[in-house]
Amino acid sequence: MWETFGFEFVNFYLIPGLVLGCIYALGAIGITLTFSILRFANFAHGEVMMIGAYFTWTAMILSNDLFGVPLHPLVAAAPAVILAIGLFILVDRYFYKPFRSASTIRVVMASFGMMLIIRSFVQAVWGPNQLTFVPGIAKPNEMVKNLTASIDMMILVPNKHFWIIAGTLIIMLALSWLLTKTKIGKGMRAVSDSPELAKVSGIDVEIIVKATWFVGGFCAVAAGVFLAMDLQMLETTMGFRMLLPMFAAAILGGIGRPFGAVIGGLVIGLAEELSVYPWFGNGSLISPGYKTGVAFTIMVIMLVIRPSGLFKGRLF
Amino acid sequence: MSDSKALDISNLHAGYGETEILKGINLSVKSSEIVAIIGPNGAGKSTVVKSVLGLLNVISGNISLNGENIVGIAPDKAIKLGISYVPQTHNIFPNLTITENLEMGAWTRTTGISERIDEMFELFPDLKVKRNKVAGSLSGGQRQMVAMAKALMVDSKIMLLDEPTAGLSPKFQAEIFRTIKRINKNGVPILLVEQNAKQALETADKGYVLVDGSNKVEGTGKDLINDRNVARMFLGSKD
Amino acid sequence: MDMLIGYSLYGISLLTVGGIYAILALGLNIQWGYAGLFNVGIAGFAAIGAYTFALMTTAPSGYHFGGLDLPLPLAIACAMLLSGMVAFLIGIVCIRLRSDYLAISTIGIAEIIKLVLKNETELTNGPRGINKIPRVWEHLTEERFYTKAPMSWFSDAQGWDYFFDKLPIWWWQPFFCLTILLIVFIIYKLLEKAQQSPWGRMMTAIRENENAAHAAGKDVTRRRIEAFVIGAMVMGLAGAILSQHLRLIDPTNTFDPSKMTFLVWVMLIAGGSGNNRGAIFGAFLVWVIWSASEIFINSGLHIFGEMISNVDISLLKTRAGYLRMMIIGLLLQYILQKYPDGIMPESRPVQTGEKLKKGRV
């Protein structure tokens, strides 16, 4: 049984779907928080993911070439996170803040422009071509392979996927703690509910805004680095390619619901990968070229039938 | 100790942008008083409260809190100074629990938060039972209680209530007015804007009638209730 | 003399492409300026127009659907029609969405359109694209056109061949350019007329104060869909003309949203959103800056390369292109903040409702 159905399904469709879902989930968290606290769709989010991955790669290269110390991507990501958060805060101060009380279209347009500025910057500095993030083919983890083979359900999971799934889980737990147990996290939830009430309750909304960029930036870089680890390469369009699915995930889960965003991300990741599984006979459900359209379709369906998302998020 | 003026507003002209809604308002709230502002819709009642908080444009005039001039301060400064404000609508965080709502009300406080929370649960025992329930799941009257408790989390020097009984059942309306009296007994002066003129005047020590952005009548609660003009204008109308 | 021709041809090409962008900007203005619709999928509609035109007019080919050999004006009309139809389908689903959501949806639509064009290789030749698209005016020189009516009425194949041989190679360029400018003018005039018409005044009313218009019984949704469809049709027209200008189109590079969609938005905002004259002005202005900056940077790099002998400037050249994009992006941010109404703001009489809406686009 496992040989005919399970093996292929689990190893080549289910697990990749989960991994992709984790990446979408992390990106969607930042988007849903920005959407609910700052009230706009941040088109530049994908590019921050991308530049975070590029920064990480640069740190890895520098560390390796200058100091002879090879760094694991997750370690090299630390300075990238700091840079990305700094970038977010600078961008907010000079490009988004002027539009805080203007109509949302302006700030969305500014973020659209930001998307292009960041991407062009990366293309100018690092070049438009693909860069190898981690060379070589990722071999499945031996321990898991042997363990599962012994019970006749062999599962092949390369180490990178373990990092990604585990990393996502840890970030989710940390986020949960932040939002429910800390003052600033509760403040974020309060502003997400009602920025006007937060203001007249004495909450310092600017600090909350900075905190949002912190969390969003952290999750974005994590998503970017995980994506680079998964694909084992970098390219300048990787952020934009993730943008639609991340938005779809945020909308699916309900704007302002970080855990909804996670669920949304997982659903979309799985849907994308599973949509090309040969469910009925020989052909896949949809042609592989259209895989990336799955996220969009789910999003449009949600927007039409239940715009508040699965977990009843904000309805603007 | 003399009953000084907690809040003193003189010759206040204020509005939105360049449109003037308040055309020279004078009123005061002594530190032991409950003061009610009543009047028809559009008279500018809510505008008075919002001006105190710095939520809109003060064109000219004076507002002072315990002698300190507060014209044009930012809302979060106003909260820090001890102004407890309960807006008319959207006055709780629906996705936060009651306790969390109170914690948010105490944002500007550095000390004594848990003691204050306990005090609030003494004042609003109904809420204590449901302290971990999400505020959005409560009834209208209970939500109003949460809004008031949250506003009182600061070291309250005065409480501003914008139509606290709007949309509530008569039972809850009476409960709210009883609560207002209790809060005042605990030493908080109260400025109360109300559509529900009769009950407001019964609860208040002093009342102001606002029409078209200026004071028309003032007097003690009892006097105004017995005033035939006021009665005809407001008290006979269905609230 | 040759240099004069060279410069003139460059000037003509600036006007040509500027004109195409002006048509795109006018189309966007119908959607944004009239109806407040935030369409970030411009490239998608242009692509539909371009591909429709290409498929209808190219010679028979083994790589893609073609060989219809339809008259060019008919093909252009079809391009507009198809764009309009797609916009209609999208409109009935998405038009009621709030602006952020509409923006995301339109990006998604453009992506889906691109996916279809890439994947249906039998129809479109997939990622490799379609080439040898006939250009209005220049198409006259192609044998398959001059051997048929109406040109065959005037001379036979040999006669035409001889005639075209005598003309300079660039003879069609001024005609092409003038045709485009004429189209821009016609569209402009039609739009100005529409603005004065009851339809136009209703659109302005909806844009200024939607709730009041709704209360007054106007079917806001229907008007929005109308604006969306008409704007898309104009974009389709621009796409059809673009495909002629380029003669070779492909799904990914020609209709790169970073260039096309973004540039058109910069043009509209710089020129003055809501404003037809501003749209045209912005289109030419930004295009000239974009095009001229490429030349300046390239010649600058050339000189740099001459001065310092062992620097490989080809690398710098490609990278400089991205820097250019970055600068245009920063320019947009600057204009968004400092000139919210564009360089040529709308010159309508200010109505009382507008004072309160300061800061709204």
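The analysis underlying the following values was restricted to heavy atoms, covering all of them including side chains, and did not include hydrogens, waters or symmetry mates. In the text below, chain A, chain B and the rest are named by the order of the sequence lines, each starting its count at 1.
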Would you enumerate the inter-chain donor-acceptor pairs between chain B and chain A whose distance is below 3.5 Å?
{"from": "B/N95", "atom 1": "N", "to": "A/D193", "atom 2": "OD2", "distance (Å)": "2.8"}
{"from": "B/N95", "atom 1": "O", "to": "A/R189", "atom 2": "NH2", "distance (Å)": "3.4"}
{"from": "B/N95", "atom 1": "OD1", "to": "A/R257", "atom 2": "NH2", "distance (Å)": "3.2"}
{"from": "B/N95", "atom 1": "ND2", "to": "A/D193", "atom 2": "OD1", "distance (Å)": "2.7"}
{"from": "B/E100", "atom 1": "OE1", "to": "A/R189", "atom 2": "NH2", "distance (Å)": "2.9"}
{"from": "B/E100", "atom 1": "OE2", "to": "A/R189", "atom 2": "NH1", "distance (Å)": "3.1"}
{"from": "B/E103", "atom 1": "OE1", "to": "A/K186", "atom 2": "NZ", "distance (Å)": "2.5"}
{"from": "B/E103", "atom 1": "OE2", "to": "A/K186", "atom 2": "NZ", "distance (Å)": "3.4"}
{"from": "B/W107", "atom 1": "O", "to": "A/K183", "atom 2": "NZ", "distance (Å)": "3.0"}
{"from": "B/K150", "atom 1": "NZ", "to": "A/S201", "atom 2": "OG", "distance (Å)": "2.9"}

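- By the 6.0 Å contact criterion, CG on A/L169 is enclosed, its count of non-hydrogen atoms from other residues, nucleotides or ligands being greater than 12.
- No side-chain heavy atom of A/V191 sits under 4.5 Å from any side-chain heavy atom of B/F93.
- At a 4.5 Å heavy-atom cutoff, the contact between B/P87 and chain A is made by side-chain atoms alone.
- At a heavy-atom separation below 4.5 angstrom, chain B is approached by no residue within residues 214-227 of chain A.
- For a residue to count as touching a neighbouring chain, one of its non-hydrogen atoms must lie under 4.5 Å from one of that chain's; by this rule B/I83 does not touch chain A.
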